Number of protein chains: 2
Amino acid sequence: MSIRELARHLNISIGTVSRALNGRADVNAETRERVLKAAAELGYAPNQSGRSLRQGTTNAVGFMIETNRETSLHGDTFFMSVYDGVQSVFAQHHLDLIILPCPFDDDPCDYVRRVVSRRFVDGLFISATQRHDERIDYLIEREIPFVALGRSLSGGPHSWIDLDFEGVAAESVRRLVARGHRRIGLINTGNDINLGYVFADGYRRAMAEAGIPYRPEFVIRADQTSEEGGYGATDRLLALAERPTAMLLVNEIMAIGAYRRLHDAGLMPGRDMAVIGFRRSPQARFLSPTLTCFEVSLFDMGRRLAEAMLGLMPAYRDLYPGPVVQEIWPMHLVGGESDPPPLSLVMGKAG
Amino acid sequence: MSIRELARHLNISIGTVSRALNGRADVNAETRERVLKAAAELGYAPNQSGRSLRQGTTNAVGFMIETNRETSLHGDTFFMSVYDGVQSVFAQHHLDLIILPCPFDDDPCDYVRRVVSRRFVDGLFISATQRHDERIDYLIEREIPFVALGRSLSGGPHSWIDLDFEGVAAESVRRLVARGHRRIGLINTGNDINLGYVFADGYRRAMAEAGIPYRPEFVIRADQTSEEGGYGATDRLLALAERPTAMLLVNEIMAIGAYRRLHDAGLMPGRDMAVIGFRRSPQARFLSPTLTCFEVSLFDMGRRLAEAMLGLMPAYRDLYPGPVVQEIWPMHLVGGESDPPPLSLVMGKAG
DNA sequence: TGTGTGATCGTAAACGTTTACGGCTCTCTT
DNA sequence: AAGAGAGCCGTAAACGTTTACGATCACACA
């Protein structure tokens with residue numbers, strides 16, 4: 001069912017049919033009606049390759065994910081919420097979002113190159129940005145509209161949106177210090193993903209501001225950002241001669257493992273050890289004692305990602321004007337039962 | 001950078017360039033060399049829209065997911081493993097897998113219609129199949145190559161692959177019965193997703209075979225397939241006048257909630273209540289006491305999904321011959337600490 | 001020398017759209 | 001009544017490929 005057949009069936013030229021379907025002004029209302037009706041009846045829908053070829057645009061934007069790295073980091077309701085947000089904006093413009101999973105044994109940059117050079121999508125979201133990320137350099141050079149979910153040192157000025165990892169770490173430390181903690185552990189990711197550096201920066205800065213000397217043995221780089229990773233990292237923290245009284249984690253999935261390790265050591269999170277996780281995800285919400293963590297609307301962040309993308313695309317630039325988007329999304333602390341003052345202090349008071 | 005420019009740069013016709021790049025036989029070895037070298041240097045890659053238009057094929061296969069339903073059901077490392085498996089096969093044929101997330105407020109069937117009629121992909125995987133699934137009827141009618149991840153009553157003979165929900169339920173019941181349980185609860189999904197029916201069938205069949213009368217109050221349809229859903233469903237089970245001594249769950253994420261509910265009631269899973277979960281996922285592996293559940297290689301299942309798809313695609317049918325694939329993937333029990341005999345029996349023995 | 005054959009390449013059509021351009025018919029204005 | 005303008009529509013080119021077909025050339029063979 002091509003536009004030609006549809007036109008023949010209606011005894012109209014294909015030009016008029018195309019104009020009618022695309023909502024152009026110079027076509028009779030009655031004619032348009034007939035065309036739309038016939039298209040619906042015959043189940044006609046324009047061939048995407050044809051229109052892409054003609055207008056040099058695919059009406060699709062890709063979202064690259066890595067099957068190995070991120071899910072283990074974020075769990076995944078994370079991305080689903082982001083997708084929903086992006087699509088809620090795209091839907092208004094008949095733009096489609098497609099997810100591009102980079103195979104686990106592929107180089108991410110090669111994958112981007114392949115996708116981009118074949119002109120499969122009009123724009124690309126990338127996530128899990130590395131501290132130095134080749135993908136960004138490449139996309140800038142090729143002048144492809146792209147928005148990064150996560151900061152990076154690479155490239156010149158480009159659009160990105162990131163969670164406030166530094167702010168979360170700093171605020172966590174300040175809160176713990178205010179409650180009397182001095183020995184604060186940090187469980188970070190072991191990847192060279194950029195957010196790990198940012199998170200550590202926030203920790204260091206806040207510790208320095210509190211006048212607490214930096215103790216490298218308190219900073220653990222976990223093997224994996226998963227329950228097991230959190231378990232193992234907590235294990236290393238507990239093995240220290242002088243243990244921390246509090247710990248903060250770059251990821252709430254790891255907090256699940258941390259809780260378990262504490263239990264297995266006969267310690268109770270939120271009494272024998274203060275714990276502050278990261279995001280208030282469904283998994284985190286389910287911990288007991290309730291986890292002190294930070295809230296953010298991923299749906300809204302997805303919407304903002306979409307707007308940032310549209311601002312870079314020639315066809316929509318006028319609708320979404322403004323400079324390159326570089327935003328750090330604040331996260332709001334949700335207090336839980338997991339981060340009381342240190343036990344020594346409580347005992348001291350009590351005694 | 002089009003093929004025309006590349007050809008001009010080489011002083012060759014575009015036909016020859018195309019043949020050289022596509023590995024056709026009737027082109028001089030030396031010429032091919034020159035073409036490939038120039039293409040690499042100038043960074044030429046064929047425009048996907050152009051080739052799709054010409055040969056009526058996009059070299060991309062879609063995998064439809066629903067952002068609301070499935071992740072809450074499966075957690076997500078589930079799909080990532082499947083993607084990896086699919087891609088490991090597709091990579092050999094220069095086929096791309098793209099994930100198509102159906103927006104949460106869209107009708108899944110409308111979404112399929114849109115994707116298919118625009119000829120965005122050559123084939124489609126669908127998942128989370130409903131008991132009666134319009135998508136299947138539509139795809140059959142349009143003669144689109146598709147493979148369903150999950151059975152359904154809809155449509156005629158079509159390709160599908162499914163986990164052995166019935167077998168898992170039946171084997172769980174048999175194991176519990178063999179250990180002396182008679183009052184066995186079932187926590188099922190509340191969606192009309194097909195696997196819920198299949199799981200319940202296995203439960204009913206095995207109970208009947210054991211000669212245990214069916215008690216509808218022991219079968220709970222959870223509000224959501226999540227930690228919280230499992231918590232709430234367990235709550236309803238515990239509220240019964242005569243409680244079950246064992247329970248099985250259609251989903252291991254719900255087992256996390258079940259454990260918590262039991263704890264909160266002062267009961268210990270694996271002592272006061274036998275629990276059998278579903279899949280041995282990373283989350284399940286992390287429970288304590290260790291959960292009795294079932295193992296399956298999602299990567300291998302993904303590979304099989306890919307093979308089933310290739311068998312339906314005209315360009316690959318000869319490489320992957322055979323009839324329509326309809327496979328139930330067996331799952332292998334991994335015993336844990338969570339399903340001992342009922343306490344009464346143990347006490348009885350002890351006493 | 002003519003002829004058949006295989007290797008290599010160029011030509012041009014075709015895929016399904018969109019859109020610039022021009023033409024036709026009416027109506028309105030001067 | 002002539003011209004201008006608006007409304008509507010048809011024509012055809014163009015997007016970047018692939019591929020059927022035919023042309024050219026060299027070479028071997030009768």
Side-chain angles (χ1 to χ4, degrees), chain A residues 1-36 38-39 42-60 94 96 114-122 314-315, chain B residues 1-36 38-39 42-60 94 96 114-122 314-315:
Chain A
M1 172 88 295
S2 76
I3 199 175
R4 209 175 308 271
E5 300 176 58
L6 182 57
R8 189 149 358 135
H9 176 262
L10 285 165
N11 267 349
I12 314 188
S13 78
I14 63 171
T16 304
V17 173
S18 175
R19 277 188 298 262
L21 292 172
N22 289 7
R24 294 232 119 69
D26 56 346
V27 45
N28 190 317
E30 184 199 1
T31 310
R32 176 185 321 250
E33 204 67 30
R34 279 178 58 215
V35 171
L36 291 177
L42 301 181
Y44 168 79
N47 179 304
Q48 187 57 42
S49 302
R51 34 173 31 202
S52 296
L53 183 57
R54 165 64 214 225
Q55 46 192 25
T57 220
T58 64
N59 291 325
H94 299 284
D96 280 319
R114 255 177 45 215
V115 166
V116 163
S117 62
R118 286 175 43 182
R119 302 228 174 289
F120 207 76
V121 290
D122 295 338
Chain B
M1 173 90 291
S2 75
I3 199 175
R4 210 175 308 271
E5 300 176 59
L6 182 59
R8 189 148 359 131
H9 177 263
L10 285 165
N11 265 349
I12 314 186
S13 79
I14 63 171
T16 304
V17 173
S18 174
R19 279 189 296 262
L21 292 172
N22 289 7
R24 293 231 119 70
D26 57 345
V27 46
N28 192 318
E30 184 198 1
T31 310
R32 180 190 315 269
E33 204 67 32
R34 279 178 58 215
V35 171
L36 292 177
L42 301 182
Y44 167 79
N47 179 304
Q48 187 57 43
S49 301
R51 39 173 24 201
S52 295
L53 182 57
R54 166 63 214 227
Q55 47 191 24
T57 221
T58 65
N59 290 324
H94 300 284
D96 280 319
R114 255 178 45 216
V115 166
V116 163
S117 61
R118 286 175 45 184
R119 301 229 175 290
F120 206 78
V121 291
D122 294 339

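Chain naming here is simple, since letters A, B, ... match the order of the sequence lines and numbering starts at 1 in each. These figures come from a predicted structure and were not determined experimentally.
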Taking only residues two or more places apart in sequence, or in another chain, which ones meet B:Arg32 in a salt bridge (charged side-chain N to carboxylate O under 4.0 Å, His left out)?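 Residues passing salt bridge (charged side-chain N to carboxylate O under 4.0 Å, His left out) with B:Arg32: none at all.
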Please find the pair of heavy atoms, one from [X] and one from [Y], that lie closest to each other, and give the distance.
{"X": "B:Ala7", "Y": "B:Ser13", "result": "CB-C, 4.0 Å"}
{"X": "B:Ala38", "Y": "B:Leu6", "result": "CB-CD1, 3.9 Å"}
{"X": "A:Ser52", "Y": "A:Thr58", "result": "OG-CA, 3.5 Å"}
{"X": "B:Arg34", "Y": "B:Ile12", "result": "NH1-CD1, 4.0 Å"}
{"X": "B:Ala60", "Y": "A:Phe120", "result": "CB-CZ, 3.7 Å"}
{"X": "B:Thr16", "Y": "B:Val27", "result": "CG2-CG2, 4.3 Å"}

Whole angstroms only, please: what is the [atom1]-[atom2] distance between [X] and [N]?
{"X": "A:Leu21", "N": "C:dT18", "atom1": "CG", "atom2": "C1'", "value": "12 Å"}
{"X": "A:Arg24", "N": "C:dT17", "atom1": "CZ", "atom2": "C1'", "value": "12 Å"}
{"X": "B:Arg8", "N": "C:dC9", "atom1": "CZ", "atom2": "P", "value": "19 Å"}
{"X": "A:Arg51", "N": "D:dG16", "atom1": "CZ", "atom2": "P", "value": "17 Å"}
{"X": "B:Ile12", "N": "C:dC9", "atom1": "CD1", "atom2": "P", "value": "7 Å"}
{"X": "A:Asn47", "N": "D:dT17", "atom1": "CG", "atom2": "P", "value": "17 Å"}
{"X": "A:Gln48", "N": "C:dC15", "atom1": "CD", "atom2": "P", "value": "19 Å"}
{"X": "B:Glu5", "N": "D:dG16", "atom1": "CD", "atom2": "C1'", "value": "11 Å"}

Counting side-chain heavy atoms from CB outward, which of [options] is closest to [X]?
{"X": "B:Leu53", "options": "C:dT18, D:dG16, D:dT17", "value": "D:dG16"}
{"X": "B:Asp26", "options": "C:dT19, C:dT8, C:dT17", "value": "C:dT8"}
{"X": "A:Asn28", "options": "D:dG10, D:dC8, C:dC15", "value": "D:dC8"}
{"X": "A:Gln55", "options": "C:dT18, C:dG10, C:dT17", "value": "C:dT18"}

Does CD belonging to B:Glu33 count more than 12 external heavy atoms closer than 6.0 Å?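 No - once you tally the heavy atoms of other residues, nucleotides and ligands closer than 6.0 Å, there are 12 at most.
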Is the count of non-hydrogen atoms from other residues, nucleotides or ligands lying under 6.0 Å from B:Arg19 atom CZ greater than 12?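 Enclosed: over 12 neighbouring heavy atoms sit under 6.0 Å from CZ of B:Arg19.
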If you fit an axis to the five pairs at each end of the helix from C:dT1-D:dA30 to C:dT30-D:dA1, how big is the angle between those two axes, to 10 degrees?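 Computed from the C1' atoms at both ends, the axes differ by 60°.
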Can you tell me if the side-chain N/O atoms of [X] get under 4.0 Å from OP1 or OP2 in [N]?
{"X": "B:Asn22", "N": "D:dT18", "answer": "yes"}
{"X": "B:Thr31", "N": "C:dC9", "answer": "yes"}
{"X": "A:Arg4", "N": "C:dG16", "answer": "no"}

Could you point out which residue of B:Asn59, B:Asn47, B:Asp96 forms a side-chain hydrogen bond (donor to acceptor under 3.5 Å, both in side chains) with A:Arg118?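 Result: among B:Asn59, B:Asn47, B:Asp96, B:Asp96 is the only option passing the side-chain hydrogen bond (donor to acceptor under 3.5 Å, both in side chains) with A:Arg118.
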Taking only nitrogen or oxygen atoms into account, show me every contact under 3.5 Å that the protein makes with nucleotides 11-14 of chain C, one pair per line with its distance.
residue	atom	partner	partner atom	Å
C:dA14	N3	B:Arg54	NH1	3.4

Under 4.0 angstrom, heavy atoms only, what part of the nucleic acid is B:Ser2 near: base, sugar-phosphate, or nothing?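 Result for B:Ser2 = sugar-phosphate.
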